[in-house]
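The first residue in the sequence is number 1, and the count goes up from there. Worth knowing before you read on, the calculation uses all heavy atoms, side chains too, and leaves out hydrogens, waters and symmetry mates. Remember, predicted model here, so these are calculated numbers, not experimental data.
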Amino acid sequence: MQAFEFYCPTKIYFGKGAEARVGEAVKHFGGTKVFIVYGGHSAVKSGLIARIEQTLTDAGLEHMSFGGVQPNPRLSHAREGVQKALAFGADFILGVGGGSVMDTSKAIAHGVANPGTDVWDFWSGRAKLEKTMPVGSVLTLAAAGSETSESAVLTNEDTMRKVGLNTPLNRPVLAFMNPELTFTVPEKQLVCGVADIIMHTLERYFTKVKEANVFTDRVAEDLIKTVMDASRVAIKNHEDYDAMSEIMWCGSVSHSNFTELGRGKDFSVHKLGHELSARFDATHGASLTALWGSWAKYVYRDDTARFAQFAERIFGVDASSGTEEERAQLGIEKMVAYFKSLGMPVSLPELLQTKLNDSELHSLADLATAG
């Protein structure tokens, strides 16, 4: 096992009715004026925002709600949230939604804690983030894992850049995870979320590290298989509690860094996917599946044994299936076929409904690999 550091301080409330404990938990973490961040009208129409507001009121906490978060979370909206949260005097930020809501919540928390600095300065590297304020989440979509992760992304509409920021200060202090809140998620969001969870794990499974990390490998492999199995059930029945709960928990574990201990992460596909999302507003999960097969076919010879191991442990491809290289290739083909079975795009023309020219591809690659 290789050396690593791991820190994940998020307190998690998992199970039916978990969101009912928001008020008492936020109060325990010192919140008195709670700024609620959410996305579209569904959170309001379902009554979820009203229930969250009521549990805060019952705990004696002031609150203000701020909706309108979009997929590929916008910098302009985060900036607006910072100003409103400052005017309100917020001391706790609570995201109600999926990854885009959580990443916006993190940005707002950083902005409120550092009112003299534009939040984009943290994402662009012009300023170093050294303090923030507490953030919690009520998860309604299993995908990004932002509720337990040190990561957050923002899209700058002016520059058409989607950039990630990794820092321990991005870790939420609280996460409320009720799988029932994901029952009404549209199928496209469900399968894109499944793809994102798997890709978070694949980008940690395939790295430059070649030394053995047995337990980390087994956690990653079983997580991928669990999500694949659960997805087949969930697609047929979005209200299968067991399937949706497995997907939800795997999403949090995958992006908490637990599946990378001793291995680190690569995230080349994510970086390319971010550029596609910023430029074409492509759905995040779909941008990843559109790229992964091509990426894997390009790099697998750097560690053919690793790809062959993946094929064997995920898909049962054993020595009788050919040479090590043939097994590696077959594993890639089977992973791509699984993504396709979800209805996900597995090439750029499928994703964008057009073919990019060499100049456009080189530009995207340059942006994705820029320091």
Side-chain angles (χ1 to χ4, degrees), residues 2-10 72-75 78 82 93 95 98-114 117-137 139 143-156 159 161-175 196-209 216 220 251-278 284-285 287-288 291 367-371:
Q2 307 305 301
F4 62 82
E5 293 183 15
F6 181 62
Y7 176 66
C8 188
T10 309
N72 299 317
R74 274 48 169 183
L75 170 63
V82 170
I93 312 299
S100 294
V101 168
M102 276 310 304
D103 288 357
T104 301
S105 299
K106 294 175 183 182
I108 292 171
H110 302 338
V112 173
N114 301 274
T117 305
D118 180 62
V119 291
W120 187 248
D121 287 348
F122 298 126
W123 266 260
S124 65
R126 287 194 292 267
K128 183 179 180 181
L129 183 66
E130 295 181 324
K131 61 180 178 178
T132 189
M133 66 166 43
V135 173
S137 71
L139 193 61
S146 189
E147 66 278 359
T148 55
S149 83
E150 64 177 13
S151 302
V153 297
L154 278 182
T155 300
N156 186 327
T159 62
R161 295 297 314 280
K162 183 177 179 180
V163 180
L165 172 69
N166 291 334
T167 167
L169 294 174
N170 272 332
R171 299 274 194 190
V173 298
L174 289 169
D196 197 14
I197 293 166
I198 290 176
M199 282 301 307
H200 281 157
T201 313
L202 291 176
E203 299 255 61
R204 292 171 163 97
Y205 191 83
F206 295 110
T207 68
K208 293 181 179 180
V209 175
T216 296
S252 292
V253 172
S254 179
H255 210 31
S256 71
N257 290 352
F258 193 66
T259 58
E260 73 175 54
L261 303 184
R263 296 204 58 82
K265 60 171 72 76
D266 183 286
F267 272 56
S268 297
V269 178
H270 265 75
K271 290 178 181 178
L272 286 164
H274 286 168
E275 297 305 330
L276 291 170
S277 294
H284 177 59
S287 74
L288 303 178
L291 291 164
L367 288 170
T369 55

*Could you list the residues that satisfy salt bridge (Lys or Arg N to Asp or Glu O under 4.0 Å) with Glu275, not counting sequence neighbours?*
Arg161
*Where the side chain of Arg204 meets the backbone of Ser254, is there a donor-acceptor pair that is under 3.5 Å apart?*
yes
*asked:* Tell me which one of Val163, Asp103, Thr104, Leu165 satisfies side-chain contact (heavy atoms from CB on, under 4.5 Å) with Val153.
replied: Asp103
*Would you say Asp121 and Asn114 make side-chain contact, with heavy atoms under 4.5 Å?*
no
*Side chains of Lys106 and Ser149: closer than 4.5 Å at any heavy-atom pair?*
yes
*Lys162 vs Leu276 side-chain heavy atoms within contact, under 4.5 Å*: no
*CG/Asn72 to OG/Ser287 distance, rounded to the nearest 0.5 angstrom?*
8.0 Å
*Please report the closest heavy-atom contact between Asn170 and Glu150, naming both atoms and the distance.*
ND2-O, 3.0 Å
*Flag the pair Val101 / Ser105 as yes when at least one side-chain heavy-atom distance between them is below 4.5 Å, and no otherwise.*
yes
*Nearest 0.5 Å please: distance from the CG atom of Leu129 over to the CG atom of Leu169.*
5.0 Å
*asked:* List the residues meeting ring-ring contact (aromatic ring centres under 6.0 Å, His included) with Phe6, not counting sequence neighbours, and say none if there are none.
replied: Phe258
_Step-by-step side chain to side chain contact (heavy atoms under 4.5 Å, CB included) determination, Leu202 to Val269_ = CA-CA 10 Å; Leu202 291 176; Val269 178; over 6 Å; no
*Closest heavy-atom contact between Thr117 and Ala127?*
CG2-CB, 3.9 Å
*Results of ring-ring contact (aromatic ring centres under 6.0 Å, His included) for His255 - residues two or more places apart only*: His200
_The criterion is salt bridge (Lys or Arg N to Asp or Glu O under 4.0 Å); which residues satisfy it with Lys265, sequence neighbours excluded?_
Glu260
*Could you tell me the separation between the CG atom of Leu272 and the CZ atom of Phe267, rounded to the nearest 0.5 Å?*
13.0 Å
*asked:* Within this structure, what is the CG-CG distance for the pair Asn257 and Asn166, rounded to the nearest 0.5 Å?
replied: 8.0 Å
*Looking only at heavy atoms, which two atoms of Ala109 and Val135 are closest? And how far apart?*
CB-CG2, 3.4 Å
*Please report the closest heavy-atom contact between Thr10 and Leu174, naming both atoms and the distance.*
CG2-C, 3.8 Å
_His270 side chain near Leu288 side chain, heavy-atom distance below 4.5 Å_ = yes
_So does Trp120 get a backbone contact from the side chain of Arg126, meaning a donor-acceptor N/O pair under 3.5 Å?_
no
*Could you give the distance from CE (Met102) to OG1 (Thr148), rounded to the nearest 0.5 Å?*
9.5 Å
*Between the side chains of Thr207 and Asp266, is a donor N or O closer than 3.5 angstrom to an acceptor N or O?*
no
_To check you understand the geometry: which heavy-atom pair defines the closest contact between Trp123 and Ala152, and what is its length?_
NE1-O, 3.0 Å
_Set of residues satisfying ring-ring contact (aromatic ring centres under 6.0 Å, His included) with respect to Phe122, sequence neighbours excluded_ = none
*Classify the side-chain pair Thr201/Thr259 by whether it contains a donor and acceptor separated by less than 3.5 Å.*
no
*Sequence neighbours left out, what passes salt bridge (Lys or Arg N to Asp or Glu O under 4.0 Å) with Arg263? Give chain and number order.*
none
_I need the minimum non-hydrogen distance between Leu154 and Ala78, along with the two atoms involved._
CD2-CB, 4.3 Å
